[in-house]
A.B. asks: 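My structure is below; once you've seen it, I'll send some questions.
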Protein chains: 2
Amino acid sequence: MPYDPAAFPPFAVTVDLVVLTVRRHALCALAVRRGEPPFQGRWALPGGFVRADEDLTAAAARELAEETGLLAHDPAVPAPPNAAHLEQLATYGDPKRDPRMRVVSVAHLALAPDLPAPRPGGDAHSVRWAPVESLLDQDGTFSRDAEQAAPLAFDHARILADGVERARSKIEYSSLATAFCPQEFTVGELRRVYEAVWGVALDPRNFHRKVTGTPGFLVPTGGTTTRQGGRPAQLFRAGGATLLNPPMLRPEV
Amino acid sequence: MPYDPAAFPPFAVTVDLVVLTVRRHALCALAVRRGEPPFQGRWALPGGFVRADEDLTAAAARELAEETGLLAHDPAVPAPPNAAHLEQLATYGDPKRDPRMRVVSVAHLALAPDLPAPRPGGDAHSVRWAPVESLLDQDGTFSRDAEQAAPLAFDHARILADGVERARSKIEYSSLATAFCPQEFTVGELRRVYEAVWGVALDPRNFHRKVTGTPGFLVPTGGTTTRQGGRPAQLFRAGGATLLNPPMLRPEV
DNA sequence: GATCATAGTCGTCTTCCTGACGATAATCAG
DNA sequence: CTGATTATCGTCAGGAAGACGACTATGATC
């Protein structure tokens, strides 16, 4: 297939981020308010152009740091305090997805522990954590928030839905749920992550048996905490294992 | 983050295809020989530029049809005779991956039944099915074929490896293995697909129990065949189910 | 300080699924 | 007819998960 290498159609390439965290028992995503057309005033996923000499992953990590102060986490090294899991999600390139020009967006998925507050790269009104149901809900059924009723800009609702689905399925067969937890956490805290991401209630006893019985998933630190109330709970760190075999079973609805 | 919409760096966007099939008990991928620099004479994955007003999936389907005559299969409708499964794999955008210019490649994965022969869009010397081990093998250990010893062009070895890994894991928890089979197939033929993709031997009795006992996986057509020799085997079509629950377990190692 | 609510942790029992493997059935090649 | 080959059914033991009872160790409240 002969071609003229100089005759390719030019595209803009962006990265968009689905940044998920668990706050107050709810799965939340980072959203930014658009300050300019198109979709001015609407909420969108954070993102931006890939620079001329920048790798896709590097661009996603840069955007993540700019929006949240989080560092992308290289799975090979022990997690630094402010680390988030970052992975490529999918690429969206419908010719009409951006009315201005032809834009191909390489979406990335980031999973972060609960942060004190979104560190505003700009003003605090333009960045927020929002429960994913309210962002995906087109009718405002879940949202009393008038300015939230509008759907996300561009095709970001679809991207967010894909990211949430990826996270939901990936915590089944990997230890990725620990990415939502602080460095040290209890079995109960990890269980509340699963419950929030899946939107189900899990039996605390069976969950405890499962996670403590899976080799390499959790390593005890020796400490205990009562920050959740009740009897003191053991503290754990994420073990080296990344794949859960057999997987954690998601209850069928 | 204000920006000038006209000031984005221009990228070339391509689609590359990992087309897999099972031939003679081996997992094979479609490879094309490059006719021009860079990597002239080396084998590469089929692919090409995305057109100015073309969706990514449409571009992948077009390339697939050009190289193989296969149609991309919409899972919503019953499979036409010449259908292949097509899905997005991942996107590769290292700034140095193409020495000529900045190219972002959206790789797709296609799974096809065994075809009579690669329909040459060009001459037969430039397209072929090759066992994935020989394509991924950098040292020529598996390949006596001198012209095969060179690794794949660009980062295509990495892309192929990712595609193979996706296929290997996806047939665990989905009914996708049927995409490697003709419209009607026997349990034994399906088992040989699993064995070829995973590179393991499976117990025929347990496999038979598993696949026939999973609702929606297989529907009997009523016919039988002896094309594999031995006792006549029932013919099946792929059922509507896409997710296997519980999954097919891949033997460790 | 006793009581209670709250969370964590350990056990038991039943059910289901899998892996290992014996046995039988139906074809084809000689 | 005999043996090779593939398909299919059955049995049994071991492991994992769901359901749930019981007990433990805190802080909060009276």
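Below, chains carry the letters A, B, ... as their sequence lines are ordered, and counting in each starts from 1.
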A.B. asks: Could you state the atom-to-atom distance from CZ of A:F207 to P of D:dA16 in whole Å?
C.D. replies: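 Distance, rounded to whole Å: 17 Å.
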
A.B. asks: Let me spell it out: for each of B:R205 and A:P246, pick the nucleotide of DNA chain D with the closest heavy atom. Which residue's pick is nearer the 5' end?
C.D. replies: B:R205

A.B. asks: Distance check needed: C:dC17 P versus B:L244 CG, whole Å only.
C.D. replies: 13 Å

A.B. asks: Mind checking if A:R227 touches a base, just sugar-phosphate, or nothing, with heavy atoms under 4.0 Å?
C.D. replies: nothing

A.B. asks: Output the rounded distance in Å from CG (A:N206) to P (C:dC13).
C.D. replies: 15 Å

A.B. asks: Could you tell me whether A:R128 sits above the aromatic face of A:W43, with NZ or CZ closer than 6.0 angstrom to the six-membered ring centre and within 45 degrees of the axis?
C.D. replies: yes

A.B. asks: Rounding to a whole Å, what distance do you find between B:H208:NE2 and C:dC21:P?
C.D. replies: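 So the NE2-P distance, B:H208 to C:dC21, works out to 20 Å.
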
A.B. asks: I need the CG-P distance between B:L202 and C:dC17, as an integer number of Å.
C.D. replies: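 In whole Å, C:dC17 P and B:L202 CG are 19 Å from each other.
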
A.B. asks: Please check: side-chain N/O of A:E195 versus main-chain N/O of A:H25, any donor-acceptor pairing under 3.5 Å?
C.D. replies: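 Here the side-chain-to-backbone pair does not exist.
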
A.B. asks: Looking only at side-chain atoms of A:L249, point me to the closest of D:dA17, D:dT6, C:dA26.
C.D. replies: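 Of all the options, the side chain of A:L249 is nearest to D:dA17.
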
A.B. asks: Has the side chain of A:T21 got a donor or acceptor atom that lies under 3.5 Å from a matching backbone atom of A:C28?
C.D. replies: no

A.B. asks: Among the nucleotides C:dT27, C:dG8, D:dA7, which one has an atom lying closest to any side-chain atom of A:T186?
C.D. replies: C:dG8

A.B. asks: So, OP1 or OP2 of D:dC20: does either fall under 4.0 Å of a side-chain N or O from A:R209?
C.D. replies: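 So the side-chain polar atoms of A:R209 never come under 4.0 Å of the phosphate oxygens OP1 or OP2 of D:dC20.
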
A.B. asks: Roughly how many Å is it from CG in B:D203 to C1' in C:dC17, rounded to a whole number?
C.D. replies: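 Distance, rounded to whole Å: 14 Å.
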
A.B. asks: Can you find an N or O donor on one side and an acceptor on the other, under 3.5 Å apart, linking the side chain of A:R231 with the base of D:dT24?
C.D. replies: yes

A.B. asks: Of B:M248 and B:P232, whose closest DNA chain C nucleotide lies nearer the 5' terminus?
C.D. replies: B:M248

A.B. asks: Verify the contact: side-chain N or O of A:K210 to OP1 or OP2 of D:dA17, cut-off strictly under 4.0 Å; return yes or no.
C.D. replies: yes

A.B. asks: Would you say the side-chain atoms of B:S175 pair up with the backbone N or O of B:F217, donor to acceptor, closer than 3.5 Å?
C.D. replies: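 Answer holds: no.
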
A.B. asks: Does a side-chain N or O of B:R191 approach OP1 or OP2 of D:dA7 to a distance below 4.0 Å, or not?
C.D. replies: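 B:R191 to D:dA7 OP1/OP2: side-chain N or O found under 4.0 Å.
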
A.B. asks: Send over the distance from B:E189 CD to D:dT6 C1', rounded to a whole Å.
C.D. replies: 12 Å

A.B. asks: Quick check: does any side chain N or O of B:S169 sit under 3.5 Å from a backbone N or O of B:R166, one acting as donor and the other as acceptor?
C.D. replies: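 Yes, B:S169 side chain to B:R166 backbone: donor-acceptor pair under 3.5 Å.
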
A.B. asks: Rounded to the Å, how far apart are A:L190 CG and C:dG8 P?
C.D. replies: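 Computing the A:L190:CG to C:dG8:P distance gives 11 Å.
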
